[in-house]
Every structure is written in C-alpha cells, then in structure tokens.
Amino acid sequence: MLDLRSDTVTRPDAKMTMATMDAATGDDVMGEDPSVIALEKTAAEMLGKEAALFLPSGTMGNLCGVMSLASSSSGPTEVLVGDESHMFHYELGGLSTVAGLAMSAVPTSNDGTLALEALGKAVREEDVHHARTAVVCLENTHNRMGGRALGSAYMRDVGAFCRERGLLLHVDGARLFNAAAALGESAAALSADADTVSICLSKGLGAPVGSVLAGSLGTVALARRYRKMLGGGMRQAGVIAAPGLLALRENSTHEALRRDHRIASSLAAHLRTVDGVSVAHAVETNIVYADVSDAAGGADGLIAKLRHGGVLASAYGTHRVRFVTHRQVPDDAVDRVMKALEPLA
Ligand SMILES: Cc1ncc(COP(=O)(O)O)c(C=O)c1O
C-alpha cells in the first residue's frame with residue numbers, strides 16, 4: 001500500500017532502529033538521560049532558543065508551551081488561536097479543558113496567516129468583563145490550509161504586534177522544517193519572533209515518536225513541570241530521543257524535505273487533470289487537499305477507488321481528501337495514484 005494519509009505513518013528505518021539500540025539512557029525525569037539531553041541541546045540550537053524540552057507529542061508540546069506562556073498573566077486569561085488551526089480543531093480543546101484558558105478563534109487567511117487586523121480586533125481591552133488576552137498562536141506550516149508556509153517577514157510583523165501589546169507568541173511548528181525548506185529560510189529565522197515553538201520529530205522528519213518545545217530557559221523550565229503534571233515525564237526516553245536526534249540532524253535539510261514537496265506539487269498538478277477533482281490550495285509543501293464532486297464519488301468514493309488501487313488517503317468531510325507526502329513515499333507515487341484513478345481521468 002502507498003500510504004498518503006499523513007506524514008506520521010513513516011516507520012523507523014534501519015539507521016533509526018540502530019540508534020535506538022545503541023542509545024545511552026538514564027532517568028530523564030531526574031535530568032540524567034544523555035540522549036535526551038543531546039536532542040534538547042541540538043533542537044534548541046537549531047531553533048535559535050536558549051533551551052528545549054522533549055515531549056511525547058505535538059499536542060503536549062503546544063499545551064505545555066501555551067500553559068507556560070499564559071502563566072505570566074494573572075486571573076482569567078484568553079489565548080488567540082486560528083479558527084482553522086490544529087490547536088483549535090484537533091487537540092481536544094486542551095487549552096480550555098485542561099489549562100483553564102479561554103480560546104478565541106481568529107479567522108484564518110487562505111495563506112495560513114492570521115491577518116494583523118483580525119488579531120487586532122480579537123485582542124480584548126482591559127475590562128472587568130473580559131478574560132485578559134495573553135498569548136497568540138500561529139501554525140507553520142498550516143495543516144488545514146494545505147501546508148502553507150509562513151515566512152519570516154510575516155513572523156516579524158506578528159512578533160512586533162505582540163510586543164507592542166504585551167502579548168506572547170507560540171508557534172505550532174509541527175512542520176516548521178517543511179516551511180523552512182519551502183521558503184529557503186532557517187527554522188531559527190522562522191522562530192526568532194516566537195516565545196515558544198514546538199516541532200514534531202515524528203512527521204516530515206520521520207522519527208517514530210516525539211516532539212520538542214523550545215523557548216527561553218525560564219519558560220522551558222516551567223514547561224518541564226507542566227509536562228510532568230500532564231504525565232509526560234518519560235524515564236529512559238533515550239530510546240526514542242536517539243532516533244529523534246538522528247531525524248532532526250539528517251532529515252530536516254531543505255534538500256530532503258524538498259523532495260517530498262516536489263512529489264506533492266506533481267501530485268497536485270496531476271489531480272487537477274482528473275474530472276470532478278480540484279486542488280484546494282496552492283501547494284507549497286507536502287500536503288495536498290483535493291475537493292471531489294459528487295459525480296466523482298465525493299471523498300468516500302475517491303478514497304475507496306484509491307484503496308482499491310493500493311493507495312491510502314484520508315477524508316476531511318464529505319468532499320475533501322488529503323494526501324501527505326513523506327520520506328517513505330517512493331518516487332513513482334504520483335504514477336500509482338493516477339493509475340488508481342484511471343477510470344476517472
Ligand atoms: C499542525 C499540527 N500541529 C500539531 C499536531 C499534533 O501532533 P501530535 O499528533 O504529535 O500530537 C499535528 C498532528 O498532526 C499537526 O498537524
């Protein structure tokens with residue numbers, strides 16, 4: 001099967017498995033796991049931050065990051081998230097349900113940005129009726145907007161916006177290295193204006209598990225306590241940190257990720273030729289959303305046809321199908337998708 005459901009489906013390759021087997025370990029809750037320490041140090045350097053924290057998932061990275069930033073606000077506190085963001089849609093409302101923070105959803109532009117004007121309108125004035133706005137969250141690349149990459153010029157504008165208003169900025173950078181590769185910028189440049197940034201090792205970088213949150217020494221120390229509180233204190237975590245470090249060092253290069261992007265872009269071009277199928281966004285990275293008409297079978301019909309032809313993709317609602325390329329997608333992937341869709345093309 002050709003699995004294009006997500007970039008989370010990659011399996012550890014032989015090198016990663018060896019890294020796990022050879023990993024030096026210790027009790028990470030006691031700060032004694034050398035592989036975790038090495039991963040956190042490297043991630044902090046690559047993201048241009050003072051410190052970093054290894055976590056089991058991107059969801060926990062986002063939660064710990066925002067909880068740590070929001071702790072600088074006293075009393076009822078609100079966080080601004082994009083109305084199409086992963087944090088708003090797919091993280092079980094953790095900011096509210098777990099952290100007790102109000103979430104306000106700001107309209108998302110087609111390119112995955114939150115317009116400064118929209119952010120400006122959402123920031124609440126100091127008033128006895130209002131929870132205090134304290135944190136802004138961005139997503140780079142933006143999953144539901146088709147993997148769009150947010151550049152450093154925009155990040156600088158949002159950073160200045162936040163500083164002027166005394167707000168803090170968190171970036172959900174689950175696919176930050178894809179953004180960096182697409183834009184020809186460094187992950188550090190894209191994170192420079194963020195107070196915290198979370199990245200996933202288990203998506204485009206191909207590690208079996210894990211995410212990293214980076215920020216200032218003080219913020220990361222606080223996030224470490226929240227991670228423990230949420231049950232994310234992992235003991236001999238070197239066995240997963242070691243392949244994570246390998247993934248971060250070797251698979252985050254522009255060259256490696258641009259290959260995935262080229263396949264996605266070619267897939268989008270081919271899908272545009274299929275009757276009843278249109279591509280929903282400009283394809284800049286490794287995500288392609290296709291809208292499928294009723295005549296072409298809708299999302300379920302297309303997915304069934306693909307599956308029959310040996311290809312997996314995922315449905316987003318009744319008419320939208322998502323394809324995600326990753327390092328284990330073979331070079332002939334587009335041919336295989338088109339062959340599966342031949343009766344439609
Ligand atoms: C943009 C984005 N942020 C965060 C996450 C959460 O990552 P995890 O599944 O590791 O919790 C995902 C997962 O797909 C994602 O796409």
Side-chain angles (χ1 to χ4, degrees), residues 3-10 12 39 43 47 52-67 79 81-95 97-99 103 105 108 111-114 136-150 169-180 182 187 190-191 194 196-214 223 226-227 230-232 234 237 240-241 243-244 247-248 257 260 264 281 284-289 312-316 320 322-326:
D3 197 341
L4 300 174
R5 288 171 302 167
S6 175
D7 46 10
T8 57
V9 300
T10 57
L39 169 64
L47 295 167
L53 177 69
F54 183 44
L55 303 111
S57 69
T59 301
M60 196 185 281
N62 288 332
L63 184 55
C64 288
V66 176
M67 283 172 87
V79 177
V81 293
D83 66 347
E84 294 290 346
S85 67
H86 194 277
M87 293 177 73
F88 186 58
H89 280 273
Y90 304 126
E91 300 188 6
L92 298 102
L95 292 182
T97 54
V98 177
M103 269 196 273
T108 308
D111 61 1
T113 60
L114 306 180
V136 173
C137 301
L138 297 175
E139 184 173 316
N140 198 9
T141 65
H142 199 293
N143 179 0
R144 280 172 63 94
M145 302 314 278
R148 299 296 298 269
L150 281 51
L169 178 60
H170 171 75
V171 172
D172 173 358
R175 298 185 180 83
L176 188 74
F177 287 96
N178 293 88
L190 297 179
S191 312
T196 47
V197 54
S198 62
I199 57 151
C200 287
L201 304 168
S202 59
K203 297 191 169 70
L205 308 189
V209 62
S211 287
V212 177
L213 176 77
Y226 282 128
R227 182 189 69 172
L230 294 168
M234 301 177 286
I240 50 174
L248 187 59
L257 293 165
D260 302 347
H281 308 91
E284 294 176 341
T285 59
N286 67 330
I287 299 178
V288 181
Y289 284 97
L312 299 177
S314 37
Y316 275 64
R320 188 161 278 192
R322 189 182 79 162
F323 301 84
V324 187
T325 59
H326 49 78

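Order of appearance sets the numbers: ligands from 1, and atoms from 1 within every ligand.
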Can you pull every nitrogen or oxygen pair between ligand 1 and the protein closer than 3.5 angstrom?
residue  : atom   : partner : partner atom : Å
ligand 1 : 3 (N)  : Asp172  : OD1          : 3.1
ligand 1 : 3 (N)  : Asp172  : OD2          : 2.6
ligand 1 : 7 (O)  : Lys203  : NZ           : 2.9
ligand 1 : 10 (O) : Gly58   : N            : 2.8
ligand 1 : 11 (O) : Gly58   : N            : 3.4
ligand 1 : 11 (O) : Thr59   : N            : 2.9
ligand 1 : 11 (O) : Thr59   : OG1          : 2.6
ligand 1 : 16 (O) : Asn143  : ND2          : 3.3
ligand 1 : 16 (O) : Arg175  : NH1          : 2.9

Check: Among side-chain atoms of His326 and Asn286, is any donor-acceptor pair under 3.5 angstrom?
Finding: no
Sequence neighbours excluded, the answer for ring pair (Phe, Tyr, Trp, His ring centres under 6.0 Å) partners of His281 is Tyr289
Contacts of Glu84 meeting salt bridge (Lys or Arg N to Asp or Glu O under 4.0 Å) (sequence neighbours excluded), chain-then-number -> Arg144
Hits for salt bridge (Lys or Arg N to Asp or Glu O under 4.0 Å) against Arg320, two or more places apart or cross-chain, chain-then-number order -> Asp291
One should read off an interatomic distance between Met87 CE and Leu92 CG, to the nearest 0.5 angstrom, of 12.5 Å
**Asked** Is it true that a side-chain atom of Ser191 and a backbone atom of Ala194 form a donor plus acceptor pair closer than 3.5 Å?
**Response** no
